[in-house]
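Here's the structure we're looking at; comments come further down.
Residue numbers run from 1 in the order of the sequence given. Scope of the values below: all heavy atoms of this structure, side chains included, with no hydrogens, waters or symmetry mates.
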Amino acid sequence: PVQILSFLGGVEKVEETDLKPRVGFLYPINSHNISVFINATREQDSGQYMCTVNVVDDTIRLDKNVGIINLTVLVPPAVPTCQLHGSAVVGANVTLSCSSKKGKPSPTYQWQREPPTLQVFFPPAQDRARGTLKLTNLTLEMSGVYVCRAENQAGSKNCSIVLEV
């Protein structure tokens, strides 16, 4: 463990870590609430944080003076990249792929065809984890704009591709 913040002998000390300019006590210590804040969170701030409270002349009970919390910093997906794999000719099969380079947790993907012929896709044609959409036995009517949404609990981003059969 790396100490990031302490209050000892009436003095607050912030240790030399990458959290130093972004961390502190939320309330004055005499409020007896020793909550801390982390500003401008980053993905690498994720991890286990431990709070230890020791009161002078108090009996230290190791199981009672420690609090532990796990922090997971969520990251919204980056704008995904949409690609067409295969030849868009009548009767052929193509795969549309969608991939986002960032996102925590890993994004899921949802394809849909835009109006005027709105269409939503389901497995097995669509793989929400991989971001693929398989279109088989292409027809001229399947031409249109296809939009992929990469999504997780932190947000969503779209990309689109024009399919011309």
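Relative orientation of the F25 and F7 rings is perpendicular, given thresholds of 30° and 60° on the angle between their planes.
Of all heavy-atom pairs spanning P77 and G155, the tightest one is CD-O, 3.4 Å. When all heavy atoms are compared, the tightest approach of E15 to S6 is OE2-OG, 4.2 Å. In this structure, Y146 and M142 approach most closely via the heavy-atom pair OH-O, 2.6 Å. The shortest heavy-atom contact between S87 and L138 is O-CD1, 4.3 Å. Here the closest non-hydrogen pair linking V165 and L140 is O-CD2, 3.3 Å. Taking each heavy atom of S100 and Y109 in turn, the nearest pair found is N-OH, 3.0 Å.
By the 6.0 Å contact criterion, CD1 on I68 is enclosed, its count of non-hydrogen atoms from other residues, nucleotides or ligands being greater than 12. Taking a 6.0 Å sphere around NZ of K20, one finds it holds more than 12 heavy atoms contributed by other residues, nucleotides or ligands. Heavy-atom neighbours of L118 CG from other residues, nucleotides or ligands within 6.0 Å: above the threshold of 12.
A 4.5 Å side-chain heavy-atom check between Q3 and T17 finds every atom pair outside the cut-off. At a threshold of 4.5 Å between non-hydrogen side-chain atoms, the residues P107 and E151 do not count as touching. Taking the side chain as every heavy atom from C-beta outward, L163 and L135 approach each other to under 4.5 Å.
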**Request:** In sequence, state the C-alpha distance, the side-chain angles, and the governing distance for I38 and L19, and then conclude on side chain to side chain contact (heavy atoms under 4.5 Å, CB included).
**Result:** CA-CA 8 Å; I38 301 174; L19 285 168; 3.8 Å; yes

**Request:** Could you please spell out the steps behind the side chain to side chain contact (heavy atoms under 4.5 Å, CB included) verdict for T41 and N39?
**Result:** CA-CA 5 Å; T41 53; N39 288 331; over 6 Å; no

**Request:** For the pair V66 and V53, evaluate side chain to side chain contact (heavy atoms under 4.5 Å, CB included) and give the outcome as yes or no after the intermediate values.
**Result:** CA-CA 7 Å; V66 175; V53 178; over 6 Å; no

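The backbone N or O of G131 sits less than 3.5 Å from a side-chain atom of W111, completing a donor-acceptor pair. For the pair N93 (side chain) and N137 (backbone), a donor-acceptor distance under 3.5 Å is present. Side chain of N152 to main chain of P105: a donor-acceptor pair is present (N/O by atom type, distance under 3.5 Å, no hydrogens or angles). A side-chain donor-acceptor contact under 3.5 Å links R113 to the backbone of S143. Of the possible polar contacts, one joining the S46 side chain to the V73 backbone as a donor-acceptor pair under 3.5 Å is found.
Between R22 and D45, at least one side-chain nitrogen of the basic residue sits less than 4.0 Å from a carboxylate oxygen of the acidic one, meeting the salt-bridge criterion.
When hydrophobic clusters are built by joining Ile, Leu, Val, Met, Phe, Trp and Tyr residues whose side-chain heavy atoms come closer than 4.5 Å, directly or via intermediates, I4 is grouped together with L71. Under the 4.5 Å side-chain heavy-atom criterion for Ile, Leu, Val, Met, Phe, Trp and Tyr, V147 and V120 are members of distinct hydrophobic clusters. Residues F37 and Y49 do not share a hydrophobic cluster, clusters being chains of Ile/Leu/Val/Met/Phe/Trp/Tyr side chains in contact below 4.5 Å. Placement of V145 and V94 in two distinct hydrophobic clusters is found when ILVMFWY residues are connected by side-chain heavy-atom separations under 4.5 Å, directly or transitively. Residue V14 is not grouped with residue Y27 when hydrophobic side chains (ILVMFWY) are merged at heavy-atom distances under 4.5 angstrom, including chains of intermediate members.
In this model, no donor atom of one side chain and acceptor atom of the other lie less than 3.5 Å apart for Q110 and Q112. Using modelled atom types and a 3.5 Å distance limit, the side chains of S31 and N33 yield no donor-acceptor pair.
Between the CZ atom of R42 and the CG atom of D18 there is a distance of 5.5 Å, given to the nearest 0.5 Å. Remark: D127 CG to T95 OG1 distance equals 10.5 Å, nearest 0.5 Å. Distance check, rounded to the nearest 0.5 Å: SG of C98 to NZ of K157 gives 13.0 Å. To the nearest 0.5 Å, atom CD1 of residue I69 and atom CE of residue M50 are 13.5 Å apart. Note: L84 CG to E164 CD = 10.5 Å, rounded to the nearest 0.5 Å. With values rounded to the nearest 0.5 angstrom, L96 atom CG is found 10.5 Å from Q83 atom CD.
For the cysteines C82 and C159, the sulfur (SG) atoms lie within a distance shorter than 2.5 angstrom of each other.
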